[in-house]
Amino acid sequence: MTFAGMWAELAAIGRAPSGGYRRFAWTRTDAVLREWFTASAQARGLDVVGDRAGNLWAWTADPDAHGPGLVLGSHLDSVPDGGAFDGPLGVVSAFAALDLLRASGRAPTRPLGIACFSDEEGARFGVACAGSKLLTGALDADRARALTDADGTWMAEAMRDSLDVAAVGRDEETLRRVGTFVELHVEQGRSLVDFDAAVGVASSIWPHGRWRLDLRGRADHAGTTRLADREDPMLALAAAVLAARSAAEQAGTVATIGKLAVAPNGVNAIPSSVTAWLDARGGREADVRAVVAAVGDAAGAEPVEESWTGPTVFDPALRDRLATALGTDGVPAPVLPTGAGHDAGVLAAAGVPTAMLFVRNPTGVSHSPAEHAEEADCLAGVAALARVVQELA
Ligand SMILES: [Zn+2]
């Protein structure tokens with residue numbers, strides 16, 4: 001199965017009318033993607049094992065007997081109406097890199113693993129990288145089980161068909177098998193366009209987090225309630241949205257309010273409550289915290305922290321080694337930071353030697369149906385991943 005063949009197999013799964021994808025954790029769509037992963041691994045003679053966090057690991061050889069191994073991979077879930085590349089590119093490229101190495105008689109001697117992390121985007125339960133954070137213990141198992149989606153379904157219920165919910169949590173046995181992790185991902189920016197390069201190496205991930213703003217008011221009639229008599233939480237939201245923009249501009253960070261729940265959500269009703277979610281990221285933690293505080297002040301509500309990830313610096317020696325190995329004519333491949341969180345960042349924070357490769361995104365657009373990468377660049381990514389395996393395994 002070629003890269004294009006695998007890409008075509010995934011194309012219809014979870015496709016939304018927008019042309020983007022709705023591939024949320026622990027749904028039927030997610031199960032179909034996981035079945036695809038398992039079938040693709042088994043077709044290559046790999047052994048697929050799940051872990052205590054619901055992530056899937058496909059191994060070429062026994063990592064307990066001959067490990068620890070080198071692991072490639074990424075995730076298959078998406079944000080609402082996300083693009084085709086964020087996540088799946090890393091998984092498909094890992095299988096394609098293995099195929100490339102085997103076809104040229106350079107199959108790795110060390111056990112090679114391909115990982116499919118569960119619930120990376122946190123689109124359903126609100127915690128990003130839930131699968132890798134459960135694996136490393138960065139997300140408390142009780143907290144995870146009690147997370148609810150928009151319909152009030154607990155994560156524990158959603159997981160029940162796929163894994164032993166009582167055993168969910170940090171998984172030492174799985175972590176021991178991972179000697180090195182390398183995640184290939186579509187770039188979520190335009191740095192590689194500026195570098196005129198198809199593939200780059202990540203240096204670090206910005207500190208980032210998510211906060212919830214609970215804005216309360218009083219439901220009332222939009223026609224008969226005098227302005228002076230209203231308690232309208234939408235005004236606090238408006239102030240929060242503008243403050244997020246101006247505070248981020250001032251601090252040199254980014255901040256976004258991109259998700260709302262309005263009650264009762266009627267055109268002719270003053271809202272009784274507005275719940276808003278703030279995503280804030282930046283190069284320095286203090287700057288990000290200052291932006292969040294400014295948004296809370298503007299809204300008149302204390303932001304509730306739903307997740308926080310400190311700065312992640314990828315293993316510098318590994319990063320430099322890969323940049324050199326992937327360079328051309330003695331010039332190393334570009335090295336760049338990112339504002340996006342990844343499972344690779346979670347593993348790096350847990351002490352696993354970790355690196356990331358980025359594949360050029362011509363527009364920089366991501367988390368959107370318009371997300372794109374040229375096939376030639378994707379194949380350059382596959383070749384780079386194969387080169388990395390040769391270097392490390
Ligand atoms: Zn991703």
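All ligand and atom numbering here is 1-based and tracks the order in the structure. We count residues from 1, following the sequence as given.
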For the rings on Phe37 and Trp57, is their centre-to-centre separation under 6.0 Å?
no
Please find out if less than 6.0 Å separates the ring center of Phe314 from that of Phe181.
-> no
Tell me which N, O or S atom of Asp86 sits nearest to the Zn ion (ligand 1).
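Result: OD1.
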- Message: Quick check: of its N, O or S atoms, which one does His185 have closest to the Zn ion (ligand 1)?
- Response: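 Result for His185 and the Zn ion (ligand 1): NE2.
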- [ ] Please check if any side-chain donor atom of Trp277 sits under 3.5 Å from a side-chain acceptor atom of Glu306, or the reverse.
- [x] yes
If you look at every heavy atom in Trp211 and Ala280, which pair is closest and at what distance?
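It is CZ3-CB, 3.8 Å.
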Within 2.8 Å of the Zn ion (ligand 1), is there any N, O or S atom belonging to His342?
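No.
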